[in-house]
There are 2 protein chains.
Amino acid sequence: MAVDTGVEVEKRKKRKPNVFDVARVAGVSQTTVSFVLNGSTTPRISDATTKRVLAAVEQLGYRRNTLARSLAHGKTMTVGMVLSSLDDDFHGVILRTCQERLDEQGYQLLYVQAASGSAREALMVQFLLEHRVDAVICFAHEYSTYIVPEWLSGMRDEGVPGVMIDSTRFASMIDSVGSDDIDGMYKAMKHLYDLGHRRIALVSDNWQPDLVPDRISGYDLAIERLGIDYNVQVGSDRRMNDIEKSAEMARLLDGPEPPTAFVTYNDYTFEYFLMNYAGTRFRVPEDVSLVGYGNLYLSRFAKLTSVGQRPEEIGRVAAECVLARLKNPDRPLRKVEIETELVVRSSTAPPRPVS
Amino acid sequence: MAVDTGVEVEKRKKRKPNVFDVARVAGVSQTTVSFVLNGSTTPRISDATTKRVLAAVEQLGYRRNTLARSLAHGKTMTVGMVLSSLDDDFHGVILRTCQERLDEQGYQLLYVQAASGSAREALMVQFLLEHRVDAVICFAHEYSTYIVPEWLSGMRDEGVPGVMIDSTRFASMIDSVGSDDIDGMYKAMKHLYDLGHRRIALVSDNWQPDLVPDRISGYDLAIERLGIDYNVQVGSDRRMNDIEKSAEMARLLDGPEPPTAFVTYNDYTFEYFLMNYAGTRFRVPEDVSLVGYGNLYLSRFAKLTSVGQRPEEIGRVAAECVLARLKNPDRPLRKVEIETELVVRSSTAPPRPVS
DNA sequence: ATGAAAGCGCTAACAC
DNA sequence: GTGTTAGCGCTTTCAT
């Protein structure tokens, strides 16, 4: 490596200082600088030398170049994460706990954003891979079906570990961590059953036949296990938006044999109902009980009983999976289903006695 | 960190293909491959060659190494962004629009997370700088005061452009884009004034004397400009949490000369009041009008009149700033204040006639 | 149109 | 404990 002798001065102004410069100023070799900077213990560097190097670093305003560093030793110590939505606390909590765990091992989470299932999502995974992240974490989503397998196999080919969050649909291809949603929905149903409800309707969705399928089959399972003779699902037969679902809920409540409670696969499905029917046409929980899903902000604000998915656990376990596979790429595939917890608030009460 | 030497041969097999491999398979030189991959036009590559190269790329499953690429030509085409909160739609919208604009110029947004004002925030800026992002975007925050200047000067020294979002407090040091909050608060006051309110109290905060200072001085300004003879600020003299603020609001409403309306510097300040007082002890807007700030999710759900900050504009303009400075590092400092918009919903109405 | 070769900044094996 | 040096994968003059 030829150190410019003549142009040196000119270049000095723009070029950022590198290990070599530090070495020269400190009067040591590159290697020594590198060892000091990386706290290498193998060849123990004398305190005096260390001090001189550090001083040179300070003086020059040297900042190490991660690009070169990673290029050289083949590891970036970063984990890429493709984020779809940044709008809710669910994702926020997962991110935080995931990051915390990764931090402990010196890994840094790097996010990029892309709507789930969009072409951009696949692009962003490419991007992360090109940046040689050591692993990729991705949120599964209803729309993912089409696109996921494509980049999933891409990652496999390159030996980059990945974990899928929030769904275990791809658990046969990749480490996955999600919630035990069948049980979660069962808990919701059991809670209402125990309060005395026997006509519990589900606010569902047919947007994707396999959207949050566990939550929906949890409903059927509960019906069966609890020996209930009432199975009404709003929005499972045709595509409906939340406004239409609310109207249908109201229609049901005004009809014969009305449900005394609703469960849903997502807190926000109730949003419109809460905004425009609850408290005016129907009182909650006097006229109808409501159990949401997700324990998201809305359920806290609206004091909704809801099934919590424990995002803090999801994030932590996802990090754990990544770390474990990074350590041992050949470990068997892992599929984790975090147990949910029912958070009881004031949207549930015993049903009104039949009038 | 000792890399096992014996396994070297094993590893060899896993080595990812590089330009050189591609070149060999395609029967051309490295250079040619590089030109093809970068769509170079200077030396026009023949279609036949291009095709062969692409075929080789496909066959080998070659993926370019951004690390090496960036190292070589000194640009990463990434913009780093330090995110504090991922929990609300405000940030989400900014991110999306900012990304969209950056995309157009081929820049990619890279996020890292750190609580505002935390030691980690400074660390993350270092991290981004070490990764040689071409620019940094950061959210200002009440706590930032202490830490910001430190890494701000660090960036300046290295010639890495940055823009501060959501505050213009550091506008003398860095391109900044925020909202015109003085005017925003004035709009809120004017709206209430026009409805007939003359006793409007502010729910404030003394946590940091310069926290969202514009919104607070906007209140004083409005009082003066509108010739109002009532200036009551909850929580401006001592530190209070939202629960205490709600209690204080209730106390005020029950007292003599009660305010007929409240304005605040943040929608969520009203959260507790809405959950526990509104609709029970006080009706909104019959007994009291409420104007929030931020037009955040809460205000939409609770049908709160609120001052919107137009995050989509903030994000776009932030990207614009970065792009402009990237193009011309010497352009004069820019300070943009996005005009707010009052979103009227059903939490505001004329005050009750004095009883 | 294509190829040879000099870096970019850093790590780490190997010699001293 | 310190220095030498060969890569890491790619870009990019400068010849050819």
Side-chain angles (χ1 to χ4, degrees), chain A residues 1-4 7 11 14-24 26-53 57 60 62-77 129-132 158, chain B residues 1-8 11-12 14-24 26-53 57 60 62-77 129-132 158:
Chain A
M1 185 179 302
V3 175
D4 20 21
V7 203
K11 284 206 154 178
K14 308 202 76 179
R15 214 198 62 216
K16 297 190 169 100
N18 60 21
V19 248
F20 209 90
D21 299 318
V22 175
R24 193 160 24 72
V28 298
S29 81
Q30 259 188 96
T31 321
T32 309
V33 174
S34 181
F35 284 156
V36 170
L37 260 32
N38 295 309
S40 163
T41 57
T42 318
R44 195 143 204 74
I45 307 294
S46 72
D47 271 12
T49 309
T50 302
K51 220 153 247 159
R52 257 185 314 145
V53 170
V57 165
L60 261 44
Y62 166 80
R63 159 135 35 218
R64 76 171 154 198
N65 187 328
T66 308
L67 261 30
R69 183 180 154 82
S70 299
L71 180 59
H73 73 31
K75 273 181 172 347
T76 58
M77 296 304 283
L129 258 21
E130 285 183 1
H131 274 257
R132 294 301 190 264
E158 307 191 27
Chain B
M1 190 181 298
V3 174
D4 21 16
T5 45
V7 200
E8 187 64 24
K11 283 203 157 180
R12 241 337 185 321
K14 305 199 83 179
R15 211 201 68 215
K16 296 183 169 110
N18 60 22
V19 247
F20 208 88
D21 300 320
V22 174
R24 193 159 22 73
V28 298
S29 80
Q30 254 188 99
T31 322
T32 308
V33 173
S34 180
F35 283 158
V36 170
L37 260 32
N38 295 307
S40 162
T41 56
T42 320
R44 196 141 203 75
I45 307 294
S46 73
D47 272 11
T49 310
T50 302
K51 220 153 245 155
R52 256 186 314 145
V53 170
V57 165
L60 261 43
Y62 166 80
R63 159 134 36 217
R64 75 173 155 197
N65 187 327
T66 308
L67 260 31
R69 183 180 155 82
S70 299
L71 180 58
H73 73 31
K75 273 181 172 343
T76 58
M77 297 304 282
L129 257 22
E130 285 183 0
H131 274 258
R132 294 298 190 267
E158 308 191 28

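By convention in this document, chain letters (A, B, ...) are assigned in the order of the sequence lines, proteins followed by strands, and residues within each chain are numbered from 1.
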| remark: Taken to the nearest whole Å, CZ/A:F20 to C1'/C:dT11 is 15 Å

| Do the side chain of B:R52 and the main chain of B:A26 share a donor and acceptor less than 3.5 angstrom apart? | yes

| task | To the nearest Å, give me how far apart CZ (A:F35) and C1' (D:dT5) are. | result | 13 Å

| Which nucleotide in the set C:dA12, D:dT11, D:dG3 lies at the smallest distance from any side-chain heavy atom of A:V28? | D:dG3

| message | At 4.0 Å (heavy atoms only), tell me whether B:T32 reaches a base, stays on the sugar-phosphate, or touches nothing. | response | sugar-phosphate

| field | Rounded distance (Å) that lies between atom P of D:dT11 and atom CG of B:L37 | value | 7 Å

| Rounding to a whole Å, what distance do you find between B:N38:CG and D:dG9:P? | 17 Å

| Closest heavy-atom pair and its distance - B:N65, B:Y62 | N-OH, 4.3 Å

| task | Ignoring hydrogens and angles, tell me if any N or O in the side chain of A:S34 forms a donor-acceptor pair with the backbone of A:Q30 under 3.5 Å. | result | no

| said: Any base atoms under 4.0 Å from A:T49, or only sugar-phosphate, or nothing? Heavy atoms, all strands. | reply: sugar-phosphate

| Checking B:T76 side chain against B:S70 main chain: does a donor-acceptor pair fall under 3.5 Å? | no

| B:L71 side chain: which of C:dA13, D:dG9, C:dC10 is closest? | D:dG9

| said: Could you tell me how far apart A:N18 (CG) and C:dG9 (P) are, to the nearest whole angstrom? | reply: 5 Å

| query | Which is it for B:H131 and A:H131 under the side chain to side chain contact (heavy atoms under 4.5 Å, CB included) test, yes or no, and what are the steps along the way? | reply | CA-CA 11 Å; B:H131 274 258; A:H131 274 257; over 6 Å; no

| query | Atom CZ of A:R132 and atom C1' of C:dC10: how far apart are they, to the nearest Å? | reply | 17 Å

| said: Please pick, from D:dT11, C:dT2, C:dT11, the nucleotide with the shortest atom-to-atom distance to any side-chain atom of B:R69. | reply: D:dT11

| said: Counting only side-chain heavy atoms from C-beta out, which of D:dC10, D:dT13, D:dG3 sits nearest to B:T31? | reply: D:dT13

| query | Quick one: is B:S34 getting a side-chain N or O under 4.0 Å of the D:dC10 phosphate, OP1 or OP2? | reply | no

| field | Proximal nucleotide (of C:dG3, C:dC10, D:dC10) relative to the A:V19 side chain | value | C:dC10

| task | Measure from the side chain of A:Q30, starting at C-beta and using heavy atoms only, and say which of C:dC10, D:dC10, D:dT12 lies closest. | result | C:dC10

| What nucleotide among C:dC8, D:dT2, C:dG3 has an atom nearest to a side-chain atom of A:S29? | D:dT2

| message | Rounded to whole Å, please give me the gap between CG in A:D21 and C1' in C:dC8. | response | 13 Å

| message | Side chain of A:N65, heavy atoms from C-beta onward: which of C:dG3, C:dG9, D:dT2 has the nearest atom to it? | response | C:dG9

| task | Figure out the CZ/P separation between A:R63 and C:dG9, and round it to whole Å. | result | 15 Å

